[in-house]
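A short write-up of the structure that comes next.
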Amino acid sequence: MSSEHGTPRERECACLSRRQTFRAAGAVGAAVAGVGMLSACGEGGQVGAAAGSVASAAGSAASQAIRAAEIPVGGGKVFESIQAVVTQPTAGEFKAFSSVCTHAGCQVGSVQDNVITCPCHGSQFDAATGAVKQGPASAPLPAKSVKVSGDGITVT
Ligand code: FES
């Protein structure tokens with residue numbers, strides 16, 4: 001019964017991958033149209049949350065103000081609403097990459113010791129460059145633009 005369509009993690013990845021496709025379309029209409037497709041993913045409560053996330057991301061464009069103090073040196077933080085992972089490889093140097101794993105579309109999950117790790121299948125990426133350090137992903141995380149102003153970081 002639990003192996004209906006893969007493990008819960010695999011189903012989540014499939015949903016995230018589809019969600020990414022909607023965002024790539026870049027249109028609110030596409031995101032709203034995608035809500036119906038998302039209803040095929042996950043269980044009841046998660047469907048509503050996913051649909052809200054898509055609508056909110058479409059409405060807020062692809063930027064978000066972030067406080068530098070949120071980003072530890074050698075670590076980072078994932079901002080799922082803008083599909084970005086922001087890192088601080090060395091003190092005062094901030095980088096941002098797409099948080100969508102290039103393997104199968106999961107959100108990367110953590111940044112430790114300057115390594116970004118995807119929880120789905122264990123791919124690892126360099127927190128300074130986005131380069132693959134360990135597969136199964138074979139393509140780097142695409143870089144995003146970072147602007148630092150005082151304690152504020154804006155990622156676009
Ligand atoms: Fe497979 Fe990230 S989706 S390692």
Side-chain angles (χ1 to χ4, degrees), residues 1-27 30-58 60-64 66 70-90 93-146 153 155-156:
M1 204 160 147
S2 65
S3 62
E4 214 171 83
H5 298 293
T7 66
R9 173 75 71 193
E10 288 167 343
R11 288 193 300 271
E12 180 184 352
C13 287
C15 290
L16 289 171
S17 181
R18 275 179 254 161
R19 195 183 314 161
Q20 170 61 14
T21 302
F22 302 139
R23 288 181 180 163
V32 171
V35 169
M37 290 176 71
L38 283 172
S39 66
C41 302
E43 290 89 40
Q46 292 176 323
V47 171
S53 173
V54 168
S56 116
S60 65
S63 68
Q64 175 177 333
I66 298 162
E70 294 179 79
I71 315 300
V73 176
K77 188 171 178 182
V78 176
F79 296 90
E80 199 170 337
S81 64
I82 58 168
Q83 303 221 327
V85 54
V86 180
T87 65
Q88 188 176 184
T90 59
E93 176 196 17
F94 294 92
K95 302 281 184 171
F97 305 94
S98 167
S99 61
V100 179
C101 181
T102 55
H103 173 234
C106 286
Q107 288 287 314
V108 295
S110 63
V111 186
Q112 285 189 322
D113 298 326
N114 283 323
V115 176
I116 302 167
T117 302
C118 177
C120 288
H121 311 101
S123 288
Q124 294 186 326
F125 304 89
D126 188 304
T129 65
V132 175
K133 290 181 76 81
Q134 176 180 300
S138 59
L141 295 174
K144 289 183 174 262
S145 171
V146 179
I153 298 174
V155 175
T156 52

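Numbering of ligands and ligand atoms starts at 1, following listing order. The first residue of the sequence shown is numbered 1, and numbering continues consecutively from there. For the numbers below, each heavy atom of this structure counts, side chains included, while hydrogens, waters and symmetry mates do not.
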Give every residue pair that meets the salt bridge (charged side-chain N to carboxylate O under 4.0 Å, His left out) criterion with at least one member in residues 98-122, sequence neighbours excluded. none

Using 2.8 Å as the threshold, say whether any N, O or S atom from Cys101 sits that close to atom 2 (Fe) of ligand 1.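 So Cys101 counts as coordinating atom 2 (Fe) of ligand 1, yes.
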
What distance do [X] atom [atom1] and [Y] atom [atom2] have between them, rounded to the nearest 0.5 Å?
X	Y	atom1	atom2	value
Lys95	Thr87	NZ	OG1	7.5 Å
Ile71	Phe94	CD1	CZ	7.0 Å
Gln124	Lys133	CD	NZ	8.0 Å

Angle subtended at atom 1 (Fe) of ligand 1 by ND1 of His103 and ND1 of His121, nearest 10°: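 Reported to 10°, the angle equals 100°.
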
Mind checking side chain to side chain donor-acceptor pair (under 3.5 Å) for Ser99 and listing every partner two or more places apart, or none if nothing turns up?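 Once residues adjacent in sequence are excluded, the partners of Ser99 under the side chain to side chain donor-acceptor pair (under 3.5 Å) criterion are Gln107.
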
Checking contacts here: is it the side chain or the backbone of Ala104 that comes within 4.0 Å of ligand 1, counting heavy atoms only? Could be both or neither.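 Ala104 to ligand 1: contacts from backbone and side chain alike.
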
Identify, by atom number and element, the atoms of ligand 1 in contact range of Cys106, meaning under 4.0 Å from any of its heavy atoms. 3 (S)

Near Cys118, which atoms of ligand 1 are under 4.0 Å from a heavy atom of that residue?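 Reading through ligand 1 atom by atom, the close ones are 2 (Fe), 3 (S), 4 (S).
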
Should one rank Cys120, Pro119, Ser123 by closest heavy-atom distance to atom 4 (S) of ligand 1, which comes out on top? Ser123

